[in-house]
Amino acid sequence: MRILQVCNVGNICGGTAACAWSMTHALAGQDHVVLFLSSPTRETLNAFRHCEVRTEKAIDDSIVEAIAPDLIILHNTPQDRVRISSNVFTIQFQHSAGVRAVATKHVACSKWLADQLPGSPEVLYQPVPIPPQPDLSSHRNLDDELIIGRICTPTLRKWPPQLIDFYNELSKQNESVTWEFVGTPPEMKDSFRAACRGRVVFLDAGVDARQHLWRWHAMLYHHPTLTESFGRTVAEAMRAGCIPIVDARGGFLEQVNHEGTGYLCRDVNDFSESVRAIRDCSVRAQISKNALTHASEQFSLSRFYSQLRTILMECRAPQLSESLFEN
(Lines give C-alpha, C1' and ligand atoms only; values in the text may rest on other atoms or scores of the structure.)
Protein backbone atom coordinates (compact mmCIF):
# COMPACT_ATOMS: atom_id res chain seq x y z
CA MET A 1 0.00 0.00 0.00
CA ARG A 2 1.31 3.45 -0.94
CA ILE A 3 0.67 6.23 1.59
CA LEU A 4 1.23 9.92 0.90
CA GLN A 5 1.54 12.31 3.84
CA VAL A 6 1.58 16.10 3.39
CA CYS A 7 3.33 18.35 5.95
CA ASN A 8 3.36 22.14 5.97
CA VAL A 9 6.76 22.61 7.64
CA GLY A 10 9.89 20.62 6.86
CA ASN A 11 11.28 20.54 10.38
CA ILE A 12 11.32 17.29 12.35
CA CYS A 13 11.81 19.28 15.59
CA GLY A 14 8.45 20.99 15.40
CA GLY A 15 5.14 21.25 13.65
CA THR A 16 3.61 18.14 12.15
CA ALA A 17 6.70 16.44 10.73
CA ALA A 18 7.34 14.47 13.93
CA CYS A 19 3.80 13.10 13.77
CA ALA A 20 4.22 12.13 10.12
CA TRP A 21 7.53 10.45 10.96
CA SER A 22 5.87 8.43 13.71
CA MET A 23 3.08 7.39 11.36
CA THR A 24 5.60 5.93 8.93
CA HIS A 25 6.81 3.69 11.75
CA ALA A 26 3.34 2.89 13.05
CA LEU A 27 2.47 1.79 9.51
CA ALA A 28 5.74 0.00 8.86
CA GLY A 29 5.83 -2.28 5.85
CA GLN A 30 3.93 0.18 3.67
CA ASP A 31 5.35 2.33 0.87
CA HIS A 32 5.65 5.86 2.26
CA VAL A 33 5.90 9.18 0.44
CA VAL A 34 6.19 12.40 2.47
CA LEU A 35 5.57 15.70 0.72
CA PHE A 36 6.70 18.92 2.41
CA LEU A 37 5.23 22.31 1.51
CA SER A 38 8.44 24.03 2.64
CA SER A 39 12.06 22.98 2.29
CA PRO A 40 12.96 20.21 4.76
CA THR A 41 16.03 20.62 6.95
CA ARG A 42 18.97 18.26 6.65
CA GLU A 43 18.02 16.60 9.94
CA THR A 44 14.49 16.10 8.64
CA LEU A 45 15.71 14.50 5.44
CA ASN A 46 17.91 12.19 7.47
CA ALA A 47 14.98 11.20 9.70
CA PHE A 48 12.86 10.39 6.65
CA ARG A 49 15.56 8.54 4.74
CA HIS A 50 13.40 5.39 4.81
CA CYS A 51 10.75 7.25 2.76
CA GLU A 52 10.43 8.94 -0.59
CA VAL A 53 10.55 12.68 0.13
CA ARG A 54 9.25 15.45 -2.13
CA THR A 55 8.96 19.23 -1.80
CA GLU A 56 6.16 21.12 -3.52
CA LYS A 57 4.42 24.46 -3.03
CA ALA A 58 1.02 22.77 -3.21
CA ILE A 59 -0.50 19.42 -4.04
CA ASP A 60 -2.60 19.02 -7.20
CA ASP A 61 -3.95 16.27 -9.44
CA SER A 62 -0.75 15.98 -11.45
CA ILE A 63 1.28 15.31 -8.29
CA VAL A 64 -1.25 12.79 -7.03
CA GLU A 65 -1.22 11.06 -10.39
CA ALA A 66 2.59 10.91 -10.39
CA ILE A 67 2.79 9.50 -6.85
CA ALA A 68 -0.27 7.24 -7.24
CA PRO A 69 -1.07 6.84 -3.53
CA ASP A 70 -3.74 4.54 -2.14
CA LEU A 71 -4.22 6.82 0.89
CA ILE A 72 -3.44 10.51 1.49
CA ILE A 73 -2.98 11.96 4.99
CA LEU A 74 -2.98 15.77 5.18
CA HIS A 75 -1.46 17.26 8.32
CA ASN A 76 -3.22 20.55 9.08
CA THR A 77 -3.04 21.38 5.38
CA PRO A 78 -4.83 24.64 4.44
CA GLN A 79 -7.33 24.89 1.62
CA ASP A 80 -5.15 26.97 -0.67
CA ARG A 81 -2.39 24.33 -0.74
CA VAL A 82 -4.62 21.48 -1.92
CA ARG A 83 -6.06 21.46 -5.44
CA ILE A 84 -7.10 17.91 -6.11
CA SER A 85 -10.24 16.35 -7.54
CA SER A 86 -8.94 12.79 -7.26
CA ASN A 87 -11.11 10.18 -5.56
CA VAL A 88 -8.18 8.90 -3.48
CA PHE A 89 -9.29 8.35 0.14
CA THR A 90 -7.96 11.37 2.05
CA ILE A 91 -7.70 11.99 5.80
CA GLN A 92 -7.27 15.52 7.13
CA PHE A 93 -5.45 15.14 10.44
CA GLN A 94 -6.15 18.43 12.20
CA HIS A 95 -3.59 19.58 14.79
CA SER A 96 -5.01 23.03 15.55
CA ALA A 97 -8.12 25.13 15.01
CA GLY A 98 -8.75 26.72 11.65
CA VAL A 99 -10.16 26.00 8.20
CA ARG A 100 -8.40 23.12 6.47
CA ALA A 101 -8.62 21.46 3.07
CA VAL A 102 -11.62 19.26 2.39
CA ALA A 103 -10.99 15.53 2.78
CA THR A 104 -12.87 12.26 2.79
CA LYS A 105 -12.45 12.06 6.57
CA HIS A 106 -11.51 14.70 9.13
CA VAL A 107 -9.95 13.71 12.46
CA ALA A 108 -8.62 15.80 15.37
CA CYS A 109 -5.53 15.20 17.49
CA SER A 110 -7.51 15.61 20.77
CA LYS A 111 -11.02 15.83 22.09
CA TRP A 112 -10.30 19.37 23.28
CA LEU A 113 -9.60 20.36 19.67
CA ALA A 114 -12.48 18.31 18.24
CA ASP A 115 -14.94 20.19 20.45
CA GLN A 116 -13.85 23.46 18.80
CA LEU A 117 -14.23 22.25 15.21
CA PRO A 118 -17.36 22.06 13.05
CA GLY A 119 -18.97 18.66 13.33
CA SER A 120 -16.75 17.59 16.26
CA PRO A 121 -14.60 15.20 14.19
CA GLU A 122 -13.40 11.88 15.52
CA VAL A 123 -10.31 11.92 17.75
CA LEU A 124 -7.16 10.16 16.59
CA TYR A 125 -4.21 10.55 18.95
CA GLN A 126 -0.75 10.85 17.46
CA PRO A 127 1.40 7.72 17.54
CA VAL A 128 4.34 8.37 19.85
CA PRO A 129 7.27 5.93 19.92
CA ILE A 130 9.35 5.18 23.00
CA PRO A 131 12.18 7.75 23.08
CA PRO A 132 15.68 6.41 22.37
CA GLN A 133 17.21 5.22 25.61
CA PRO A 134 20.85 6.12 26.38
CA ASP A 135 23.28 3.36 27.29
CA LEU A 136 23.77 4.65 30.83
CA SER A 137 21.28 3.15 33.26
CA SER A 138 19.14 5.60 35.20
CA HIS A 139 18.32 5.42 38.91
CA ARG A 140 16.31 8.61 38.91
CA ASN A 141 13.61 7.30 41.24
CA LEU A 142 16.26 6.92 43.95
CA ASP A 143 17.91 10.31 43.45
CA ASP A 144 17.78 13.05 46.06
CA GLU A 145 18.42 15.91 43.64
CA LEU A 146 15.82 16.58 40.96
CA ILE A 147 16.51 17.27 37.28
CA ILE A 148 13.52 18.88 35.60
CA GLY A 149 13.54 19.58 31.88
CA ARG A 150 11.72 21.57 29.25
CA ILE A 151 11.86 20.42 25.63
CA CYS A 152 10.32 22.67 23.04
CA THR A 153 10.54 23.96 19.49
CA PRO A 154 13.46 26.45 19.36
CA THR A 155 11.37 29.50 18.49
CA LEU A 156 10.59 32.65 20.48
CA ARG A 157 6.89 31.83 20.17
CA LYS A 158 7.45 28.77 22.38
CA TRP A 159 9.90 30.59 24.71
CA PRO A 160 8.11 33.89 25.50
CA PRO A 161 9.72 36.52 27.77
CA GLN A 162 7.01 35.94 30.41
CA LEU A 163 8.69 32.62 31.23
CA ILE A 164 11.62 34.47 32.81
CA ASP A 165 9.52 35.68 35.75
CA PHE A 166 7.88 32.25 36.01
CA TYR A 167 11.21 30.43 36.33
CA ASN A 168 12.58 33.09 38.62
CA GLU A 169 9.79 32.36 41.11
CA LEU A 170 9.86 28.61 40.55
CA SER A 171 13.61 28.48 41.04
CA LYS A 172 13.39 30.59 44.19
CA GLN A 173 10.89 28.14 45.70
CA ASN A 174 12.89 25.05 44.63
CA GLU A 175 16.53 25.84 45.28
CA SER A 176 17.95 22.35 44.81
CA VAL A 177 16.43 21.63 41.38
CA THR A 178 18.66 21.55 38.30
CA TRP A 179 16.84 22.77 35.20
CA GLU A 180 17.63 21.47 31.72
CA PHE A 181 16.25 23.29 28.68
CA VAL A 182 16.18 21.85 25.15
CA GLY A 183 15.67 24.33 22.32
CA THR A 184 16.17 27.64 24.14
CA PRO A 185 16.73 30.46 21.61
CA PRO A 186 20.30 31.81 22.05
CA GLU A 187 19.13 35.34 22.82
CA MET A 188 17.11 34.06 25.80
CA LYS A 189 19.81 32.00 27.51
CA ASP A 190 21.32 34.71 29.69
CA SER A 191 17.91 35.69 31.03
CA PHE A 192 17.00 32.09 31.83
CA ARG A 193 20.40 31.51 33.44
CA ALA A 194 19.81 34.44 35.77
CA ALA A 195 16.22 33.39 36.52
CA CYS A 196 17.36 29.88 37.42
CA ARG A 197 20.21 31.25 39.55
CA GLY A 198 22.79 29.49 37.42
CA ARG A 199 21.33 26.03 38.03
CA VAL A 200 20.50 25.42 34.38
CA VAL A 201 21.91 23.38 31.51
CA PHE A 202 21.11 24.29 27.90
CA LEU A 203 20.85 21.40 25.45
CA ASP A 204 20.55 21.41 21.66
CA ALA A 205 17.25 20.64 19.98
CA GLY A 206 17.14 17.64 17.66
CA VAL A 207 15.71 14.18 17.19
CA ASP A 208 18.15 12.70 19.70
CA ALA A 209 17.18 15.21 22.41
CA ARG A 210 14.30 12.94 23.43
CA GLN A 211 16.82 10.63 25.13
CA HIS A 212 17.13 13.17 27.96
CA LEU A 213 13.63 12.22 29.07
CA TRP A 214 15.10 9.02 30.53
CA ARG A 215 17.34 11.09 32.87
CA TRP A 216 14.85 13.76 33.85
CA HIS A 217 12.67 13.22 36.89
CA ALA A 218 10.01 15.45 35.36
CA MET A 219 9.22 17.37 32.19
CA LEU A 220 7.70 20.74 33.07
CA TYR A 221 5.82 22.77 30.48
CA HIS A 222 4.16 26.12 31.01
CA HIS A 223 3.19 28.70 28.43
CA PRO A 224 1.38 31.84 29.59
CA THR A 225 -0.70 32.34 26.43
CA LEU A 226 -0.45 29.33 24.10
CA THR A 227 -2.81 26.41 24.69
CA GLU A 228 -1.62 23.15 23.15
CA SER A 229 -4.09 20.91 21.31
CA PHE A 230 -1.96 17.87 22.03
CA GLY A 231 1.29 17.64 23.97
CA ARG A 232 3.55 15.42 21.94
CA THR A 233 6.42 16.03 24.37
CA VAL A 234 4.03 15.14 27.21
CA ALA A 235 3.33 11.78 25.58
CA GLU A 236 7.03 11.23 24.87
CA ALA A 237 7.90 12.02 28.48
CA MET A 238 5.33 9.56 29.79
CA ARG A 239 6.61 6.85 27.43
CA ALA A 240 9.99 7.27 29.14
CA GLY A 241 8.52 7.32 32.65
CA CYS A 242 9.34 11.01 32.99
CA ILE A 243 6.61 12.75 35.00
CA PRO A 244 4.76 15.54 33.17
CA ILE A 245 4.08 18.71 35.16
CA VAL A 246 2.06 20.89 32.81
CA ASP A 247 -0.57 23.57 32.34
CA ALA A 248 -4.12 22.49 33.21
CA ARG A 249 -5.34 23.51 29.77
CA GLY A 250 -6.03 22.17 26.31
CA GLY A 251 -5.16 18.64 25.29
CA PHE A 252 -3.08 18.17 28.44
CA LEU A 253 -6.30 17.72 30.41
CA GLU A 254 -7.07 14.44 28.61
CA GLN A 255 -3.47 13.24 28.48
CA VAL A 256 -2.61 13.57 32.17
CA ASN A 257 -4.48 12.32 35.23
CA HIS A 258 -3.65 14.76 38.02
CA GLU A 259 -1.56 13.10 40.74
CA GLY A 260 -2.00 9.79 38.91
CA THR A 261 0.14 10.01 35.77
CA GLY A 262 1.46 13.54 36.29
CA TYR A 263 0.40 16.98 37.49
CA LEU A 264 -1.92 19.63 36.05
CA CYS A 265 -1.16 23.16 37.26
CA ARG A 266 -2.94 26.51 37.09
CA ASP A 267 -0.30 28.88 38.49
CA VAL A 268 3.30 29.01 39.63
CA ASN A 269 2.37 27.84 43.13
CA ASP A 270 0.70 24.72 41.69
CA PHE A 271 3.85 24.00 39.71
CA SER A 272 6.00 24.47 42.79
CA GLU A 273 3.81 22.20 44.91
CA SER A 274 4.02 19.52 42.22
CA VAL A 275 7.80 19.74 42.17
CA ARG A 276 7.87 19.36 45.94
CA ALA A 277 5.51 16.35 45.76
CA ILE A 278 7.87 14.33 43.55
CA ARG A 279 10.75 14.79 45.99
CA ASP A 280 9.23 11.76 47.71
CA CYS A 281 10.91 8.79 46.00
CA SER A 282 7.94 6.48 46.51
CA VAL A 283 5.51 9.01 45.02
CA ARG A 284 7.86 9.62 42.11
CA ALA A 285 8.30 5.92 41.39
CA GLN A 286 4.56 5.21 41.40
CA ILE A 287 3.61 8.12 39.14
CA SER A 288 6.45 7.26 36.76
CA LYS A 289 5.14 3.71 36.51
CA ASN A 290 1.57 4.92 36.01
CA ALA A 291 2.68 7.31 33.27
CA LEU A 292 4.50 4.54 31.40
CA THR A 293 1.46 2.28 31.48
CA HIS A 294 -1.01 5.01 30.51
CA ALA A 295 1.07 6.29 27.59
CA SER A 296 1.63 2.77 26.28
CA GLU A 297 -2.13 2.21 26.22
CA GLN A 298 -3.10 5.58 24.71
CA PHE A 299 -0.27 6.84 22.51
CA SER A 300 1.65 3.81 21.26
CA LEU A 301 2.23 2.98 17.61
CA SER A 302 0.06 -0.13 17.95
CA ARG A 303 -2.81 1.91 19.41
CA PHE A 304 -2.69 4.29 16.43
CA TYR A 305 -2.55 1.34 14.03
CA SER A 306 -5.69 -0.14 15.58
CA GLN A 307 -7.57 3.18 15.60
CA LEU A 308 -6.75 3.88 11.96
CA ARG A 309 -8.00 0.45 11.00
CA THR A 310 -11.30 1.14 12.76
CA ILE A 311 -11.67 4.49 10.98
CA LEU A 312 -11.13 2.93 7.57
CA MET A 313 -13.59 0.14 8.31
CA GLU A 314 -16.24 2.58 9.55
CA CYS A 315 -15.72 4.72 6.44
CA ARG A 316 -16.48 1.67 4.34
CA ALA A 317 -13.02 1.50 2.88
CA PRO A 318 -12.47 -2.24 3.37
CA GLN A 319 -10.05 -2.47 0.46
CA LEU A 320 -7.77 0.03 2.21
CA SER A 321 -8.17 -1.70 5.54
CA GLU A 322 -7.32 -5.09 4.08
CA SER A 323 -4.33 -3.72 2.18
CA LEU A 324 -3.04 -1.83 5.20
CA PHE A 325 -3.35 -4.68 7.66
CA GLU A 326 -2.30 -7.66 5.60
CA ASN A 327 1.34 -7.04 6.61
Treating [X] as the side-chain partner and [Y] as the backbone partner, does any N or O pair qualify as donor plus acceptor under 3.5 Å?
{"X": "R81", "Y": "K57", "value": "yes"}
{"X": "R284", "Y": "H217", "value": "no"}
{"X": "T90", "Y": "V88", "value": "yes"}
{"X": "S306", "Y": "S302", "value": "no"}
{"X": "Q94", "Y": "S96", "value": "yes"}
{"X": "N46", "Y": "R42", "value": "no"}
{"X": "T44", "Y": "P40", "value": "no"}
{"X": "S272", "Y": "L170", "value": "no"}
{"X": "D60", "Y": "I63", "value": "yes"}
{"X": "Q211", "Y": "R215", "value": "no"}

Report all side-chain donor-acceptor pairs from residues 2-16 shorter than 3.5 Å, counting only partners two or more places apart or in another chain.
from : atom 1 : to  : atom 2 : distance (Å)
R2   : NE     : I67 : O      : 2.5
R2   : NH1    : D31 : OD2    : 2.6
R2   : NH2    : E52 : OE1    : 3.0
Q5   : OE1    : H75 : NE2    : 2.7
Q5   : NE2    : A20 : O      : 3.1
N8   : ND2    : N76 : O      : 3.0
N11  : OD1    : C13 : N      : 2.9

Flag yes if [X] and [Y] sit in one hydrophobic cluster, no otherwise; membership is Ile, Leu, Val, Met, Phe, Trp, Tyr, and two members link when side-chain heavy atoms are under 4.5 Å apart.
{"X": "F202", "Y": "L146", "value": "yes"}
{"X": "F166", "Y": "I164", "value": "yes"}
{"X": "I130", "Y": "L301", "value": "no"}
{"X": "V201", "Y": "Y167", "value": "no"}
{"X": "M1", "Y": "L27", "value": "yes"}

A side-chain contact here means heavy atoms from C-beta on lying under 4.5 Å apart; do [X] and [Y] qualify?
{"X": "M23", "Y": "H25", "value": "no"}
{"X": "L124", "Y": "F93", "value": "yes"}
{"X": "T41", "Y": "F36", "value": "no"}
{"X": "L292", "Y": "M238", "value": "no"}
{"X": "V234", "Y": "M219", "value": "yes"}
{"X": "V107", "Y": "K105", "value": "yes"}
{"X": "E122", "Y": "Q307", "value": "no"}
{"X": "L74", "Y": "V82", "value": "yes"}

(message) Ring centroids only, cut at 6.0 angstrom: are F230 and F299 within range, meaning strictly under it?
(response)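 Yes, they do, as the ring centres are separated by less than 6.0 Å.
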(request) Tell me whether the centres of the aromatic rings in Y221 and F271 are closer together than 6.0 Å. (result)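 No, ring centres 6.0 Å or more apart.
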Under 3.5 Å, which donor-acceptor pairs do the side chains of residues 185-193 form with other protein atoms, sequence neighbours left out?
from : atom 1 : to   : atom 2 : distance (Å)
D190 : OD1    : R193 : NH1    : 2.8

Anything under 3.5 Å between a donor and an acceptor, one on a side chain of residues 152-161, the other on a protein residue two or more places apart or in another chain? List them.
from : atom 1 : to   : atom 2 : distance (Å)
W159 : NE1    : T153 : O      : 3.1
W159 : NE1    : G183 : O      : 3.1

With distance as the sole criterion, is a donor-acceptor pair present between the side chains of [X] and [Y] under 3.5 Å?
{"X": "T77", "Y": "R100", "answer": "no"}
{"X": "R150", "Y": "T184", "answer": "no"}
{"X": "Q286", "Y": "N290", "answer": "yes"}
{"X": "R210", "Y": "T233", "answer": "no"}
{"X": "Y263", "Y": "E273", "answer": "no"}

Say you draw a straight line from [atom1] of [X] to [atom2] of [Y]; how long is it, rounded to the nearest 0.5 Å?
{"X": "R232", "Y": "I151", "atom1": "CZ", "atom2": "CD1", "result": "10.5 Å"}
{"X": "C109", "Y": "H95", "atom1": "SG", "atom2": "NE2", "result": "6.5 Å"}
{"X": "Q298", "Y": "T261", "atom1": "CD", "atom2": "OG1", "result": "10.0 Å"}
{"X": "L35", "Y": "L37", "atom1": "CG", "atom2": "CG", "result": "6.0 Å"}
{"X": "S62", "Y": "I84", "atom1": "OG", "atom2": "CD1", "result": "11.0 Å"}
{"X": "T104", "Y": "I91", "atom1": "OG1", "atom2": "CD1", "result": "8.0 Å"}

(request) Mind running side chain to side chain contact (heavy atoms under 4.5 Å, CB included) on L203 and E180 for me, showing each step along the way? (result) CA-CA 7 Å; L203 302 166; E180 294 194 2; 3.4 Å; yes
(message) Under the criterion side chain to side chain contact (heavy atoms under 4.5 Å, CB included), I'd like the reasoning laid out for K172 against R197: C-alpha separation, chi angles, the key distance, then a yes or no.
(response) CA-CA 8 Å; K172 182 172 68 175; R197 292 156 174 76; 3.5 Å; yes
(request) Assign the ring pair W179 / F181 to parallel, tilted or perpendicular, where the plane angle (0 to 90°) is split at 30° and 60°. (result)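 Because their plane-to-plane angle lies in the 30° to 60° range, the rings of W179 and F181 count as tilted.
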(request) Mind listing the closest non-hydrogen atom pair of A101 and Q92 along with its distance? (result)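 Reported closest heavy-atom pair: O-NE2, 3.1 Å.
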(request) Search all heavy atoms of Q173 against all heavy atoms of E169 and return the closest pair with its distance. (result)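 Looking at all heavy atoms of both residues, the shortest contact is NE2-OE2, 2.6 Å.
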(request) Carefully, step by step, assess N174 and R279 under the rule side chain to side chain contact (heavy atoms under 4.5 Å, CB included). (result) CA-CA 11 Å; N174 299 275; R279 290 189 183 282; 3.9 Å; yes
Atom pairs and distances, side-chain donor-acceptor, residues 241-257, under 3.5 Å, sequence neighbours left out:
from : atom 1 : to   : atom 2 : distance (Å)
D247 : OD1    : H222 : ND1    : 2.7
D247 : OD2    : H223 : N      : 2.8
R249 : NE     : T227 : OG1    : 3.1
R249 : NH1    : H223 : O      : 3.4
R249 : NH2    : H223 : O      : 2.8
R249 : NH2    : L226 : O      : 2.9
E254 : OE1    : K111 : N      : 3.4
E254 : OE1    : W112 : N      : 3.0
E254 : OE2    : K111 : N      : 2.7
E254 : OE2    : Y125 : OH     : 2.8
Q255 : OE1    : G231 : N      : 2.7
Q255 : NE2    : G231 : O      : 2.9

(message) Between S296 and T293, is the side-chain hydrogen bond (donor to acceptor under 3.5 Å, both in side chains) condition met? List the steps.
(response) CA-CA 5 Å; S296 177; T293 300; over 6 Å; no
(request) Answer yes or no: are there more than 12 heavy-atom neighbours, outside Q79 itself, under 6.0 Å from its atom CD? (result)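 Correct, the count exceeds 12.
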(request) Applying salt bridge (charged side-chain N to carboxylate O under 4.0 Å, His left out), name anything that partners E43, two or more places apart in sequence or on another chain. (result)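 Not a single residue meets the salt bridge (charged side-chain N to carboxylate O under 4.0 Å, His left out) criterion with E43.
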(request) Could you pull out all residues at least two apart from R239 that satisfy salt bridge (charged side-chain N to carboxylate O under 4.0 Å, His left out)? (result)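 Counting only residues at least two positions away or on another chain, R239 forms no salt bridge (charged side-chain N to carboxylate O under 4.0 Å, His left out).
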(message) For E175, is there an ion pair with R199 - N to carboxylate O distance below 4.0 angstrom?
(response)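 A salt bridge is absent here (no side-chain N lies under 4.0 Å from a carboxylate O).
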